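The model shown is predicted, which means the values in this text are computed figures rather than measured ones.
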Amino acid sequence: MPELPEYLQDLNPEQLAAVRHEGGNLLILAGAGSGKTRVITTKIAWLVRERGVAPESVLAVTFTNKAAREMRDRASAIDPECARAYLRTFHSFGAWFLRRNAAAAGLDPNFTIYDDDDSTTLLHGTAPDLTRAECGRLASRIARAKDYGLAPDAPDLEARFPDRNFRRLYAGYEKRLRETGNVDFGDLILLPARVLRDDEAIRNRFHQRFRVILVDEYQDSNVAQFELLKVLAGGGAYVCVVGDDDQSIYRFRGAEVRNILEFPEVFPGTEIVRLERNYRSFQSILDVAGAVVARNEGRLGKTLKAVKAGGPKAKLALLADQDEEAAYASRVAEARASRTGRWSDTAVLYRTNAQSLAFEHLFNKRGIPYRIVGSVRFYEREEVKDALAYLAVLSNPRDEVNFRRVVNKPSRGVGDTSVQAILEAAYASDGDLLSASRGAGPLLKTAKSRSGLSAFVSLVDGLRGLLDAPGEGRPLSGLVERTVKDSGLAEYHRDQDEIAGTQRAANLDELVNAAADFELSPAGLAEFLETIELDRRLSDQEESLEAVTLITMHNTKGLEFPVVVVTGLEQGLFPRDDDEGEDLEEQRRLFYVAATRAKEELHLCSCRSRLLRGRRADFLPSRFIHEIPPGLYETLGGRLPAPAPEGPWKPGLPVYHDDHGSGYVIQVKAGPPDSGPLVFVKFETGRVLQFFPKFTRKLEALK
DNA sequence: GTCGCTTCCTTTTTT
DNA sequence: AGGAAGCGAC
């Protein structure tokens, strides 16, 4: 038997089989920490080196930019040729496709990408009688519809979105969005799939271009992405997907585990390889994670076995409130850092971004360096979005959302009435808001609005001139700087900073710096805006920072840390009280993901009370804690309170309340002494209220 | 049209 | 707690 090339020698038999598989299609079921990234990157290298596959014909799709970068780095470390393979997120692949085929998709080639907030604004423009909050909820349902591949004219739209008006509002939004020439996130998947289906020439070109398609984190792909994959692979490409049904945590965003289950049917000749050896965690950690996820009914089921047997038991810390929780986390991080000298060994995980606050406060106080992943993003700050909005209008003058945002910011006396008149004029012609603004003088009622608008027009024209001036190799930062200055944003925020003690002007400077790597040209500008929209990190340095990581559980996908502190394990927070069925199972998977990030130490924290939206609320430990066999962890800080007290009041019990109507009990807690149990009821109205049955006659148990 | 005050309502989770 | 909508005064 010939000796294996060096880069294949350390693979276990299953990994090797996955790497060397060819012919039909391949589904890799890869448990947490089983080396799936290694398998994918090695497979790319193997195809290029051993099978003569051109790297350009390999497309590898991931879900996050971080994962895409890591994959590129690791593949090119094996073979530099691999750097020419096409590694991207689904969304950036879609954007790349649409820039090159803008006309076929009915878009402006310099389109910008609307985020959720922009979509809400656009929708608000088409449905002014709804509140902004309602538009926000509606916008997220439209986004969901797109995740499912449902256009406004889809026959089965009502099946999933029964709301009477939904189709009409969705159609109105879509029409307006097409008029702007821009796209939202969902379009980055939907439109490429549509173009490929409808245009034979483009389809053939892409079928010839990509002969191998790899998809990472396949369990979190949605229906639209599955459709895109199918049409991309339709020319006989080799398809290999990697996923873990136990780590599917984006169902709320339209992810479909069925994509895994049905893969072998849709892609005939599929072989399945299972990777069940875990190289990351001690067995003691896998036992805890596995105990919770094992309660789920809808799973393929697999047994993950740790290469590192044994290991210290997980610690369960029962704490008074979020301040004690932060103190506990800081002790864990300090103990670790004093042993290894590395703050970066420790990560603190939480369910919602708002929970980071207590940790930030205390870490600041104790001088513990930390970095927050996600949360309040730089590019979502108001001043930064304003500056970007000017640039977006330069890039695409039909961009209604960003035009609205900046035409009167800082205020120039151009109010709602004037904006409405300009929009109507624009939509009556070609939709170009800048040319509509130039001719809008007679439409405006006051002298102030006329002079304000003309100031805006000459501002934008000046910037446009800079953008269109010929000249190679100048950096885009010059344009961004001029934009920030000439618009008056810089001055406005400098003044505000003095009053409020903020540092918004500095953020604007930062934005100017970020543009230094891009070229001053319309294409360079579009690229800059796209990079920001799809990859919202400020810089690379934050990843290598020597600091404790504060991060949501969702954001930890694909990461690992020697020490992991999972916080907020309280019933009502994680899982939420209204989680049941599939929602509850998704939360168990989220717990599984969180716990399996830990290599050496796993800490679980549960607070008895916590500040929530400005109010103090009492909690019992999460049901997930009760789902772990007590022998698998060590309890610190007191006794585990018993689960909800027994009695006539039990979760699930139907009830009737004189004032609130019918509902059912979702939770029962021990109340203060002599007050009897505290009962949480969810009513048909959707409200959740709590009662002491001992003190009220209005609440009645049915049946 | 703008500014500032009051009230109400909220949020999981993210490309 | 903090932000957004709604309202009244300039």
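Looking at residues two or more places apart in sequence or on another chain, you find no side chain to side chain donor-acceptor pair (under 3.5 Å) involving A/Asp323. Applying the side chain to side chain donor-acceptor pair (under 3.5 Å) rule to A/Thr121 yields the partners A/Arg132; only residues at least two apart in sequence or on another chain are considered.
Residue-level contact check: A/Phe252 touches the bases, meaning some heavy atom is under 4.0 Å from a base atom. Among the heavy atoms of the strands lying under 4.0 Å from A/Asn408 are primed sugar atoms or P, OP1, OP2 only; no base atom is included.
Phosphate contact (OP1/OP2 of B/dT14, side-chain N/O of A/Thr552, threshold under 4.0 Å): present. Taking 4.0 angstrom as the limit, A/Ser92 places none of its side-chain polar atoms (N or O) nearer than this to OP1 or OP2 of B/dT15.
Between A/Asp116 atom CG and B/dT13 atom P the separation is 12 Å, expressed in whole Å. Protein atom CZ of A/Arg137 is 12 Å distant from nucleotide atom C1' of B/dC9, rounded to whole Å. Rounded to a whole Å, the CD atom of A/Glu134 is 13 Å from the C1' atom of C/dA4. Computed from coordinates, the A/Arg251 CZ to B/dT13 C1' distance equals 13 Å when rounded to whole Å. C/dA1 atom P lies 12 Å from atom CD of A/Gln322, rounded to whole Å. Taking atom CG of A/Asn353 as the reference point, atom P of B/dT10 lies 19 Å away to the nearest angstrom. Rounded to a whole Å, the CD1 atom of A/Ile532 is 15 Å from the P atom of B/dT15. The separation between A/Arg576 atom CZ and B/dT10 atom C1' is 11 Å, rounded to whole Å.
Candidate nucleotides B/dG1, B/dT11, B/dT13 were compared by shortest atom distance to the side chain of A/His554, and B/dT13 ranks first. In the set B/dT15, B/dG1, B/dT13, the nucleotide with an atom closest to the side chain of A/Ser418 is B/dG1.
Judged by ring centres under 5.5 Å apart and planes tilted less than 30 degrees, A/Tyr250 fails to stack against the six-membered base ring of B/dT14. A stacking contact links A/Phe185 to B/dT15: the aromatic ring centre lies within less than 5.5 Å of the base's six-membered ring centre, and the planes differ by less than 30°.
Nucleotides of DNA chain B nearest to A/Gly413 and A/Ala133 differ in position, and the one nearer the 5' end is that of A/Gly413. When each of A/Thr64 and A/Leu573 is assigned the nucleotide of DNA chain B with its nearest heavy atom, A/Leu573 is the one assigned upstream, toward the 5' end.
By the 4.0 Å N-to-carboxylate-O rule, A/Arg405 lies close enough to A/Asp386 to be salt-bridged with it. The pair A/Arg610-A/Glu325 counts as a salt bridge, with a side-chain nitrogen and a carboxylate oxygen less than 4.0 angstrom apart. Salt-bridge annotation for A/Arg588 and A/Glu627: present, with a side-chain N of the basic residue lying under 4.0 Å from a carboxylate O of the acidic one.
Straight-line distance between the C1' atoms of C/dG6 and B/dT11: roughly 22 Å, to the nearest whole Å.
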